[in-house]
Engineer: 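Let me give you the structure first, and then I'll get to my questions.
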2 protein chains.
Amino acid sequence: MVDIPSDLECVFHPRSVAVVGASSSFGKWGQMIFSNLVAGKFPGRIFPVNPKESSLYGLKAYPRVQDIPEAVDLVVVTTPAATVPAVLSACGEKGVKGVVLITSGFGETDAAGKQMEKEIVAICRGKQIRLVGPNTMGILSTHAGLFATGTHSRPRAGDVAFVSQSGNLGNQLIHWAKNQNIGISLFAGSGNEAMISCVDYLYYLERDPRSRLIVLYLENIADGRAFLETAARVNRTKPIILLKGGRTEAGMRAAASHTGSMGGRDAIFRAACRQAGVAVVNEPMELLDLSAGFSSLPLPKGNRVGIVTLGGGWGVVTADACNERGLKVPRLPDAIVTEIGRLLPDFWSRGNPVDLVGTRDLEVPLVAVEALLKWDGIDAVISLGIVGRVEMVRLLLQSTREVDPQAQPGLLDEFEEMAEAYEVQYIQRIVELMERYRKPVLGVSFVRTDKGLVRSIPGKIYSGVFYPSPERAVCTLASIVAYARFHERSYPS
Amino acid sequence: MVDIPSDLECVFHPRSVAVVGASSSFGKWGQMIFSNLVAGKFPGRIFPVNPKESSLYGLKAYPRVQDIPEAVDLVVVTTPAATVPAVLSACGEKGVKGVVLITSGFGETDAAGKQMEKEIVAICRGKQIRLVGPNTMGILSTHAGLFATGTHSRPRAGDVAFVSQSGNLGNQLIHWAKNQNIGISLFAGSGNEAMISCVDYLYYLERDPRSRLIVLYLENIADGRAFLETAARVNRTKPIILLKGGRTEAGMRAAASHTGSMGGRDAIFRAACRQAGVAVVNEPMELLDLSAGFSSLPLPKGNRVGIVTLGGGWGVVTADACNERGLKVPRLPDAIVTEIGRLLPDFWSRGNPVDLVGTRDLEVPLVAVEALLKWDGIDAVISLGIVGRVEMVRLLLQSTREVDPQAQPGLLDEFEEMAEAYEVQYIQRIVELMERYRKPVLGVSFVRTDKGLVRSIPGKIYSGVFYPSPERAVCTLASIVAYARFHERSYPS
């Protein structure tokens with residue numbers, strides 16, 4: 001915990017940003033971060049600081065921070081470790097409120113580095129500067145239009161906040177989040193956490209109205225008790241998803257050389273996190289899956305799942321995955337069997353999973369999903385194979401065009417357009433059903449598209465989510481169910 | 001087990017194929033399968049059979065099978081169940097050797113369907129016809145140029161054989177295999193297995209020189225003892241990977257309505273499979289991951305893993321995943337630390353994982369991988385983040401072109417070309433290193449490309465394999481290590 005206000009608004013919503021070490025030399029940190037800020041269209045003032053340049057990318061450059069004639073809220077520093085104390089002192093004189101210290105070579109190295117880290121923290125404390133890092137790959141704040149990382153992936157603005165002690169892993173996840181259309185509020189590579197720790201970020205995020213979900217990758221937690229207390233409180237209103245690196249002997253050794261941390265007593269710590277209702281995951285990909293699900297779906301009231309599938313085998317593996325992860329797949333009452341059965345051939349499954357036996361009637365999947373949602377014996381639906389089917393239709397059309405000399409091209413194009421239009425309409429209807437029944441519907445699309453996990457509909461609070469495999473949908477739902485139970489206990493209705 | 005020869009060569013390598021029910025009506029089974037055969041360029045004769053057409057897709061059509069003037073090896077039947085006995089009798093008269101019966105409405109439905117299934121099996125036995133199905137979505141045999149499924153994904157020819165009791169799940173996996181560049185020898189949707197069972201396929205595959213790896217999705221095994229005995233024997237020379245559907249109460253109920261099967265005593269069965277050295281997986285995606293790994297990599301001699309990473313966090317999560325799955329991440333001897341360290345800044349990890357601390361020296365990752373491979377304390381290497389980095393370079397270049405008025409376009413293009421060329425060369429070198437040291441190198445590429453998991457190099461027996469996340473690489477390696485151990489016990493060197 002830092003002894004300055006935990007308000008990090010100046011870091012994530014600055015009106016002006018200076019980059020010390022800004023450069024046009026391709027691939028340097030000072031170039032990567034500076035070009036990202038400019039290309040990302042930060043709406044405030046940007047001041048490149050570099051004594052060797054008079055201007056960079058059309059912006060006037062300044063030799064030193066103290067030469068900038070206007071107020072500077074945030075400074076990003078990329079110059080070598082030896083230059084940092086003087087830069088920070090100058091920032092203090094100038095009234096700078098926040099510094100993101102990209103530079104490495106401090107506490108993660110040797111005794112001298114640790115000593116230097118103490119000194120820079122002392123300077124920042126004396127000047128009321130909030131220090132992010134050192135040894136970080138930067139920060140993002142989408143709602144502020146602030147992209148200050150070396151990785152040029154700019155995800156859409158959304159409500160998932162992500163704090164990572166590993167910059168490399170964090171930036172990769174941000175890149176994935178962008179490709180998966182997951183909305184991000186902010187990202188902080190917290191680096192060595194010399195001053196601002198994961199606990200401080202939690203404090204800030206608890207109050208940040210733009211963040212509704214908190215994702216953490218942590219290797220080392222300096223004050224475990226403070227973290228657990230804070231996480232337990234914050235998690236009651238904003239779900240926390242945690243990946244803890246350094247769970248095993250090999251992972252701990254690796255973490256020790258990476259952030260200079262020692263994990264230790266990890267199983268106990270993770271058990272305590274679970275006790276606090278935190279969703280503890282084992283794999284980076286799960287952070288993405290859970291982010292997509294938590295940020296797009298209503299919370300379910302229980303663990304009873306209805307499954308709708310185009311093919312029997314997928315229904316079987318999904319039912320297995322549900323049972324193995326503590327989700328129930330209840331039998332259907334006769335009334336629902338009759339209702340769905342009206343639209344299907346006699347040999348349909350007559351149960352849950354609802355196997356649509358390859359139906360091509362476009363209305364049937366939606367009728368089946370709604371029949372399950374409106375029954376009070378079901379808390380959530382997993383729907384498999386509808387979205388993405390257009391890709392299979394396309395392959396068949398392609399062959400048909402190749403081999404059928406009599407085929408009418410116009411008719412075939414029409415089939416393709418219909419399949420595409422249906423998919424868009426299906427997603428819209430699923431989102432409307434979630435609104436009406438306040439129950440989550442998780443989709444599984446077996447076909448890789450460029451549209452990502454999350455399919456948002458303008459003006460809607462929920463979004464369609466389509467996982468590439470049943471197990472990823474089921475894992476996500478199991479975590480959401482666990483959180484919903486915890487939440488229910490905290491706020492009984 | 002069938003009482004006719006288990007040689008299925010006539011099914012997977014026919015010289016001529018007839019399609020009963022062939023049609024040009026878009027989206028009918030008879031159209032989907034027939035157009036796939038034709039568009040897939042089956043090199044033998046194709047005979048459409050349809051009494052209402054004189055020709056289809058430029059091929060002469062015949063009213064009935066017995067009207068075809070030439071020999072017919074294989075017949076694919078898509079006409080309704082009631083027509084099937086007469087079609088099969090005609091096939092028998094004609095001397096047809098194999099039938100793929102797409103048609104459903106037999107044993108998976110009711111007592112009448114079960115009775116009808118018995119009757120058609122009796123016809124086939126009497127005429128020495130090998131019957132695939134009924135209730136199947138078809139077969140593929142890439143080395144024969146035979147694509148007789150309704151899903152128009154045509155994977156490249158390779159050595160992975162895939163037998164699935166679910167056509168839907170099977171076809172989806174074939175589609176994925178194509179997208180991931182996994183080479184397939186054959187696929188059989190075994191359907192209800194009225195005559196040819198999974199045991200018969202194993203018998204055939206044991207002798208099929210084109211298949212070196214066997215992937216199974218099964219819900220119901222009629223003769224468990226025969227299956228286990230056969231699997232145990234076959235698995236000694238050709239690794240078997242098994243996903244068993246219907247492991248849980250919900251999955252069993254779903255399977256019962258799907259293929260009319262009851263799983264039962266599943267845990268015991270799966271334990272027996274493991275005892276036989278079969279790789280038993282829980283999720284469809286693992287079938288793909290293991291197919292890619294087993295078919296592309298040399299078998300390791302033990303479980304000791306070297307990790308090479310561009311970023312510390314990814315090294316930590318990979319080390320954790322290794323330890324959690326029974327793989328060791330040994331400490332490195334001083335000599336190797338010194339050798340790798342010569343090329344890295346002082347603050348590198350000096351251990352395993354080898355953290356290349358974001359180096360851009362293109363030679364370093366290869367030097368590090370080779371230093372690990374040539375040490376006899378390491379059995380396999382996982383290398384993270386090198387392949388795919390070009391995508392990050394592209395994003396940075398894009399921003400730079402946008403914002404830097406002074407940037408030289410030629411120079412930026414050159415950076416991009418260099419990054420692309422390096423990736424190709426890196427994969428080539430990794431494959432050469434695997435050849436030299438006979439140890440597997442599993443890659444992790446965090447960036448989604450259209451190139452797939454497997455990157456093959458012409459003329460090389462091994463291929464590069466690049467998983468999208470460390471956990472998937474580690475899971476695959478753990479399965480390969482387990483198989484190698486079993487194999488070693490069967491054939492001690």
Side-chain angles (χ1 to χ4, degrees), chain A residues 24 26 32 35-36 38-39 57-58 105 109 151-153 166 168-169 172 179 217 219 245-251 253-255 257-258 283-285 310-317 319-320 322-324 329 347 349 351 353 355 392 395-396 399-400 402-406 415 446 448 469 471, chain B residues 24 26 32 35-36 38-39 57-58 105 109 151-153 166 168-169 172 179 217 219 245-251 253-255 257-258 283-285 310-317 319-320 322-324 329 347 349 351 353 355 392 395-396 399-400 402-406 415 446 448 469 471:
Chain A
S24 63
F26 183 76
M32 296 196 295
S35 62
N36 201 8
V38 178
Y57 298 177
T109 58
T151 303
H152 287 224
S153 303
S166 162
N168 189 272
L169 192 143
Q172 196 64 54
N179 286 346
Y217 172 75
E219 290 177 3
R247 300 186 296 274
T248 65
E249 191 268 331
R253 261 195 291 125
S257 74
H258 176 221
E283 299 167 355
M285 195 68 86
L310 279 185
W314 288 111
V316 174
V317 303
D320 278 335
C322 282
N323 271 194
E324 286 174 346
V329 183
F347 58 88
S349 65
D355 178 359
M392 298 303 185
L395 291 174
L396 174 59
S399 294
T400 305
E402 272 170 46
V403 299
D404 186 352
Q406 258 99 49
F415 280 127
F446 299 113
R448 205 169 92 155
S469 66
E471 58 270 20
Chain B
S24 63
F26 183 75
M32 295 196 294
S35 62
N36 201 9
V38 178
Y57 298 177
T109 58
T151 303
H152 286 226
S153 303
S166 162
N168 189 271
L169 191 142
Q172 196 65 55
N179 286 346
Y217 172 75
E219 290 177 2
R247 298 187 296 277
T248 65
E249 192 268 332
R253 261 195 292 125
S257 75
H258 175 221
E283 300 168 354
M285 195 71 85
L310 279 184
W314 287 110
V316 174
V317 302
D320 278 336
C322 281
N323 271 194
E324 285 174 345
V329 184
F347 58 89
S349 64
D355 178 359
M392 297 304 185
L395 291 174
L396 174 59
S399 294
T400 305
E402 274 169 46
V403 298
D404 186 352
Q406 258 100 49
F415 280 128
F446 299 113
R448 206 170 90 155
S469 65
E471 58 270 20

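Throughout, a chain's letter reflects where its sequence line sits, starting with A, and its residues are numbered from 1.
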Engineer: Among A/V38, A/L396, A/V317, A/L395, single out the residue with the greatest number of heavy-atom pairs under 4.5 Å to chain B.
Structural biologist: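 Sorted descending by pairs with chain B, the first entry is A/L396.
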Engineer: Among B/N36, B/D404, B/T400, B/N179, who wins on heavy-atom pairs under 4.5 Å with chain A?
Structural biologist: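 Sorted descending by pairs with chain A, the first entry is B/D404.
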Engineer: Measure across B/V329 and B/C322 and return the closest heavy-atom pair with its distance rounded to 0.1 Å.
Structural biologist: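 Of all heavy-atom pairs spanning B/V329 and B/C322, the closest is CG2-CB, 3.7 Å.
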Engineer: Please look at A/S399 and chain B and tell me whether the side chain, the backbone, both or neither of the residue comes under 4.5 angstrom of a heavy atom of that chain.
Structural biologist: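 Both backbone and side chain of A/S399 come within 4.5 Å of chain B.
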Engineer: Relative to chain B, which segment of A/F446 carries a heavy atom at a distance below 4.5 Å: side chain, backbone, both, or neither?
Structural biologist: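 When you check distances to chain B, atoms from both the backbone and side chain of A/F446 fall under 4.5 Å.
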Engineer: Does the B/S35 side chain pair with the main chain of B/A39, one donor and one acceptor, at a distance under 3.5 Å?
Structural biologist: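 Flag not set: sc B/S35 to bb B/A39 has no pair under 3.5 Å.
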Engineer: Report the residues that fulfil side-chain hydrogen bond (donor to acceptor under 3.5 Å, both in side chains) with A/E249, sequence neighbours left out, ordered by chain and then residue number.
Structural biologist: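 If we apply the side-chain hydrogen bond (donor to acceptor under 3.5 Å, both in side chains) test to A/E249, skipping adjacent residues, the hits are A/R253.
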Engineer: Tell me, out of B/D320, B/L169, B/T248, B/N168, who's got the most heavy-atom pairs with chain A below 4.5 Å.
Structural biologist: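 Result: the option with the highest number of such pairs is B/D320.
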Engineer: May I ask you to name which of A/P284, A/S469, A/G315 has the most heavy-atom pairs under 4.5 Å with chain B?
Structural biologist: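 Option with the greatest count: A/P284.
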Engineer: Examine whether an atom of A/Q406 lies under 4.5 Å from a heavy atom of chain B, and if so say whether it belongs to the side chain, the backbone or both; otherwise answer neither.
Structural biologist: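 Neither part.
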Engineer: Report which part of B/S24 has an atom under 4.5 Å of a heavy atom belonging to chain A: side chain, backbone, both, or neither.
Structural biologist: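 Both parts, backbone and side chain.
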Engineer: Working to the nearest 0.5 angstrom, can you tell me the gap between A/S166 OG and A/Q172 CD?
Structural biologist: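 Nearest 0.5 Å value for the OG-CD distance: 10.0 Å.
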Engineer: For each of B/G105, B/G251, B/P405, B/G351, tally heavy-atom pairs with chain A at distances under 4.5 Å, and name the one with the top tally.
Structural biologist: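 Looking at each option in turn, the highest pair count goes to B/G251.
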Engineer: Please flag which part of A/M32 lies under 4.5 Å from any non-hydrogen atom of chain B: side chain, backbone, both or neither.
Structural biologist: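 Both parts, heavy atoms under 4.5 Å.
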Engineer: If I measure from the heavy atoms of chain A, does B/M285 come under 4.5 Å with its side chain, its backbone, both, or neither?
Structural biologist: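 Both parts, backbone and side chain.
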Engineer: What heavy-atom pair brings B/P353 and B/S349 nearest, and what distance separates the two atoms?
Structural biologist: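 Residues B/P353 and B/S349, closest heavy atoms: O-OG, 3.0 Å.
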